[in-house]
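Okay, so here's the structure we're looking at.
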Amino acid sequence: MPELPEIETSRRGIEPYLVNHKIIKAIVRQPKLRWPVSPQIIALENQPVLSVQRRAKYLLIELPDGWLVGHLGMSGSVRILPEFLEAGKHDHVDFLISGGKVLRYTDPRRFGAWLWADDLETCSALKHLGPEPLSDEFSGAYLLKKSQGKKTLIKPWLMDNKLVVGVGNIYASESLFEARISPLRAAGTLTGSEADNLALTIKRVLQRSIEQGGTTLRDFLQADGKPGYFAQELQVYGRTGEPCHACGELIESEKHGQRTTFFCRHCQR
DNA sequence: CGGAGGACCTGAGAGC
DNA sequence: TGCTCTCAGGTCCTCC
């Protein structure tokens with residue numbers, strides 16, 4: 001499911017229900033996720049939530065003694081239930097919140113994770129991540145420097161978390177289209193002005209999607225159960241064979257490393 | 001080292 | 001209807 005805008009949408013959705021409340025306990029129905037659910041989570045009792053943050057595609061829930069580190073994988077979502085409701089087949093973890101509401105994690109494919117971290121600096125899941133795309137550190141100059149000599153295709157290169165986090169399969173294709181850069185080029189062929197443009201475009205596309213509540217393709221829902229509306233603004237993703245909104249030529253798709261890339265051969269050079 | 005590919009897991013939809 | 005195949009928003013691991 002989710003790329004950065006969907007995680008940020010989820011974070012904003014759950015934050016007001018958690019901060020200044022306590023997590024009474026966690027109910028873990030299925031501990032076998034991407035990694036086993038951490039024992040510290042299973043043992044949680046009556047902990048006040050200090051903050052709800054995000055790093056890359058991880059949700060970070062701050063407790064007095066450490067952090068709940070959640071990842072939604074490909075198909076995961078979190079939502080707030082007004083009260084405890086019977087769990088479905090894929091409702092793997094509930095966090096019971098003081099006052100009676102429930103933070104429920106649902107994930108059919110179980111590629112997600114719920115881990116405990118004593119502190120964020122030493123958390124192995126977070127340690128090797130590149131810069132946040134919406135931070136000042138992520139710039140055209142940064143992209144240009146990193147691209148030097150790279151033979152990888154630009155599109156899978158953008159999806160590498162060591163380069164920049166949060167850009168997944170949807171937004172990699174969308175950003176390259178908006179920047180009019182062909183995904184078929186090697187990363188090392190980026191010019192300075194293209195790198196500047198690409199960095200700005202990635203920020204703009206992600207920001208706009210966050211404002212729309214993310215992209216709902218099939219199962220992603222915001223924490224209140226509503227879909228995200230950015231799907232209506234997708235220019236190339238999922239539009240193989242349909243006319244390009246800019247030039248009318250047909251959108252093409254190709255597989256690069258197991259993932260489909262969508263692009264307009266005429267607009268993107 | 002960089003880069004390619006398989007692995008994890010389930011469900012939806014297409015085609016026969 | 002039901003089987004088989006392909007595809008899906010992520011990322012870690014191994015192999016060359």
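Order of the sequence lines sets the chain letters (A, B, ...), proteins ahead of strands, with each chain counted from 1.
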(request) State the pairing partner of C:dC12; accept Watson-Crick or G-U wobble contacts with both distances under 3.5 Å, and report none otherwise. (result) B:dG6
[N] [atom2] sits how many Å from [X] [atom1], rounded?
X: A:L217; N: B:dG13; atom1: CG; atom2: P; result: 13 Å
X: A:D160; N: B:dC1; atom1: CG; atom2: P; result: 14 Å
X: A:R109; N: C:dT11; atom1: CZ; atom2: C1'; result: 12 Å
X: A:E174; N: C:dG9; atom1: CD; atom2: P; result: 12 Å
X: A:L153; N: B:dA4; atom1: CG; atom2: P; result: 7 Å
X: A:F111; N: C:dG10; atom1: CZ; atom2: P; result: 11 Å

(request) Please tell me which of A:R110 and A:P156 maps to the more 5' nucleotide of DNA chain B, matching each residue to the nucleotide holding its nearest heavy atom. (result) A:P156
Does [N] have its OP1 or OP2 closer than 4.0 Å to a side-chain nitrogen or oxygen of [X]?
X: A:T260; N: C:dA8; result: yes
X: A:H90; N: B:dT10; result: no
X: A:Q258; N: B:dA4; result: no

(request) Side chain of A:Y237 only, please: which of C:dG9, C:dT11, B:dG3 is the nearest? (result)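 That would be C:dG9.
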(request) Inspect the contact between A:E194 and A:R185 and indicate whether a charged nitrogen and a carboxylate oxygen are less than 4.0 angstrom apart. (result) yes
(message) Could you check whether A:R54 pairs with A:E15 (Lys NZ or Arg NE/NH1/NH2 to Asp/Glu carboxylate O, under 4.0 Å)?
(response)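 No, A:R54 and A:E15 are not salt-bridged.
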(message) Let's test your reading of the model: under 3.5 Å, does the base of C:dA8 pair with the side chain of A:R259 as donor and acceptor?
(response)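 Under the 3.5 Å cut-off, the side chain and the base do not form any donor-acceptor pair.
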(message) Classify A:K32 by what it touches in the nucleic acid, base, sugar-phosphate, or nothing, heavy-atom distance under 4.0 Å.
(response) nothing
(message) With a 3.5 Å distance limit and no angle check, can you tell me whether A:S182 reaches the backbone of A:R269 through a side-chain donor-acceptor pair?
(response) no
(request) Indicate the ring-plane relationship of A:Y58 and A:H71, choosing parallel, tilted or perpendicular according to the 30° and 60° boundaries. (result) perpendicular
(request) Report the residue (A:F262 or A:G166) whose heavy-atom-nearest nucleotide on DNA chain C is the more 5′ of the two. (result)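 So the residue in question is A:F262.
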